[in-house]
Amino acid sequence: MRPGSRRIGRSSRSGIRARLAGGPGRVAAEALTEAPVAPGRVPLAGHAPWIHRDALRFVRELRHHGPMTKIYIGPRQVHVVNSHALVRELLTAQARAFDKGAMFDALRVPLGDGLITAAGERHLRQRRLMQPAFRHDRIAGYARIMSERSLARAVVWEPGTTLDLVPEINRLTLDILLRTLFADPQDPELRTAVKDWLTVKYHSMRLALSPLHAWSERLPLLPGWRPPHAGPLRRLIAVQHRIIDTYRAEGRDRGDLLSMLLATGGPDGALTDAEVTDELITLFLAGTGTVSASLAWALHEISRRPAVQRRIHDELDTVLAGRPPGYEDLPALVHTRQVLTEVLRLHPPSWLLMRRAVRPVTLGGVRLSPGAEVFFSPYALHLDPQLYENPDDFDPERWSHDGAAKAPRHTYLPFGAGSRLCIGEDFAWTELTLALAAFLAHRRLTPADSTPVRTLVGTVLRPAQLPLTAHARRS
Ligand code: HEM
C-alpha cells in the first residue's frame, strides 16, 4: 500500500475521495508513453489462453504491470486501464472520445440500437428520452410489483425443502421486469416470445475475448461469427409492435414503463415505434441477468453467514413489523443495503467493460488512435488492496460510515459511471432490496451442502447453481 493512501475498510472508510484526485494513473505533464505489454503473450492467441484459463485472476493481476497495460486477443490489441484515476478520466472527462467497442458491436445484432449500444449524440438523445421512465415516482410504482412478486415466490418455498435458486431467481426477475414494462404482461404471446428470445445465446463477451473471432475479422477466409437465428427476435418485435399499437390507440398512462416510452416528446422529438422496440429489448437484456446474478450472490453470501443473516432479520422485524416491504421502507433498511453494497463490490455482475476510441485521444499519457479498444474491470478495481482493505473479505461493515448510498464513484463501479452510468441503477437497488427483504422476512436460509459455488464468467458474472434450504421464521 502506498504511504499516505487510505482504503475503504473498517478503520479508514472516508479517505477514498481524497485519492481520486491523484493515484497511480496520473502521468505528469502528459509526457507521451507506450503502455507496457502484459507478460505471457503467446504467438497467434495473444493473452487469450490466460483469459480462458482464469479471466478474473488475469484482470486482477494486470495492475501489477502499471496503470495501463496492453493485452492481445489474437491479433487485436487492447489497452486495459488498471488505475481508478484513469478509469474516472475515461468515463467522465474523456467520455466523448469513446464509444462502447467490440462487445457492443456483437450486441447490436440482437438488441438493435437501444440505449446500451447507441453512441454519441444519438445516445444522449435516447438517454434524455428514457430518463423519465426511471424517475423516482415511477420506481415507487414499480416497487409494489417487485415486493408482491418476491413475496409470492418466497412464501410458496416450503420450509425444509431445498431449491436451486438460480432458475427461481431468473423466473422472478423476468416476471418483475415484464410486469413493470407492461401493465398487462398476460398477453398470450409476450412471455413466450421474450423467453424464446432470451434463450438464444448471443455470447457477446465470448466474441469480444475470442482470438479466432479477432483473426476472422482480418482474414475473411476464416470461418467467422454467424449471427444467431433471427426467428425469435423477429417474433418478439412483432408482438411488441402489436402491443404498442394497442397502447397508442388508447393513449393512456398505465403506470408502466412502456407508457413512459410512448409519452416521450419535446425538443428531442419522440421515440418512434422501432426505437421503442429496440429500447424494450435492451431492457429485457440489461435488466434481467444483472439483477438475477446480484440477488443470487446476495443469497449465497447471506446463507453462509448466520450473523449477517440474523442482523438482516432483526432489521426487517423492526422496520417492517410483519408488513410487506415497500418503497417507503428503503431508507430504513440500512443494513440490508450495506450487505447488498458489499455483494456488488465482491461480485459485480458487469465484471469487464469496454470502450473504443472514436478520435485521437491521450489517456494517462498514452496516445490512442481512433479504433483503439480499451477495457476496464470493475471487478479488478473492487478487489484492489490499495482501494479496499482486505478486499477478498465479505465485510458489509466497511460501508457503515460512508453509507451505502454514498459509495464512492470511480472506485465502486457495479453500475459504471459518467454519461453511460446504468439508467436502471435505482430500479435495481429497489428490486434487490425489496426482493431480499421479501425472502428473508419469511425464511431463514442455509446452504444445502458445502460444495463451493462455481462462478460462471460470461457477459455477467453469476453463480452456476445455488442450492439453498429454507427454514420457517414465523408461522
Ligand atoms: C444489479 C443490477 C444491474 C447492474 C449491476 C447493472 C450494471 C450496468 C453497468 C455497469 C452499465 C454501464 C455499462 C458501461 O458503462 O459500459 C449499465 C448500463 C445500463 N443498464 Fe444496467 N445494471 C443493472 C440493472 C439494470 C436494470 C434493472 C436496468 C433496466 C431496467 C438496466 C438498464 C441499463 C441500461 C439501459 C444501460 C445503458 C445505459 C447507457 O448507456 O446510457 N440495468 N448497467
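Each ligand, and each atom within it, is numbered from 1 in the order the structure gives.
- Put simply, part of His123 is less than 4.0 Å from ligand 1, judged by heavy atoms.
- Both the backbone and the side chain of Leu115 come within contact range of ligand 1, each with a heavy atom under 4.0 Å.
- For Asp245, the side chain to side chain contact (heavy atoms under 4.5 Å, CB included) criterion is met by Asp273, not counting sequence neighbours.
- The Pro414 neighbourhood of ligand 1 comprises atoms 5 (C), 7 (C), 10 (C), with distances under 4.0 Å to a heavy atom of that residue.
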TODO: Show your working on side chain to side chain donor-acceptor pair (under 3.5 Å) between Gln386 and His84 and close with a plain yes or no.
DONE: CA-CA 10 Å; Gln386 294 215 2; His84 69 88; over 6 Å; no

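- Of all atoms in ligand 1, listed by their number and element, those nearer than 4.0 Å to a heavy atom of Ser294 are 1 (C).
- Of the polar atoms of Glu431, none of the N or O atoms is found under 3.5 Å from an N or O of ligand 1, judged by distance alone.
- Taking the six-membered ring for Trp and the full ring otherwise, the centers of Phe376 and Trp351 sit at least 6.0 Å from each other.
- Of the protein's heavy atoms, Leu353 CD2, 3.9 Å lies nearest to atom 13 (C) of ligand 1.
- Proximity of Arg127 to ligand 1, defined as any heavy-atom pair under 4.0 Å, is confined to the side chain (atoms from C-beta onward).
- Residues satisfying the side chain to side chain donor-acceptor pair (under 3.5 Å) criterion with Glu328, sequence neighbours excluded, are absent altogether.
- Atom 29 (C) of ligand 1 has its closest protein heavy atom at Leu283 CD2, 3.7 Å.
- Asp268 pairs with exactly one of Arg128, Arg125, Gln126 by the side chain to side chain donor-acceptor pair (under 3.5 Å) rule, that one being Arg128.
- Looking only at heavy atoms of the protein, atom 40 (O) of ligand 1 is closest to Arg420 NE, 2.9 Å.
- Under 4.0 Å is where a charged nitrogen must lie from a carboxylate oxygen, and between Arg57 and Glu61 at least one such pair does.
- Taken to the nearest 0.5 Å, the CZ atom of Arg304 stands 11.5 Å off from the CD1 atom of Ile302.
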TODO: Please step through side-chain contact (heavy atoms from CB on, under 4.5 Å) for the pair Leu181 and Asp256, ending with a clear verdict.
DONE: CA-CA 5 Å; Leu181 291 181; Asp256 55 8; over 6 Å; no

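- For Thr288, the side chain to side chain donor-acceptor pair (under 3.5 Å) criterion is met by no residue, not counting sequence neighbours.
- Judged by a 6.0 Å distance limit and a 45° cone about the ring axis, Arg254 is positioned over the six-membered ring of Tyr247.
- At a heavy-atom cutoff of 4.0 Å, ligand 1 is contacted by the side chain of Arg355 but not by its backbone.
- The distance cut-off of 2.8 Å around atom 21 (Fe) of ligand 1 captures these protein N, O or S atoms, sorted by chain and number: Cys422 SG.
- In this structure, His79 has its ring center at least 6.0 angstrom away from the ring center of Phe375.
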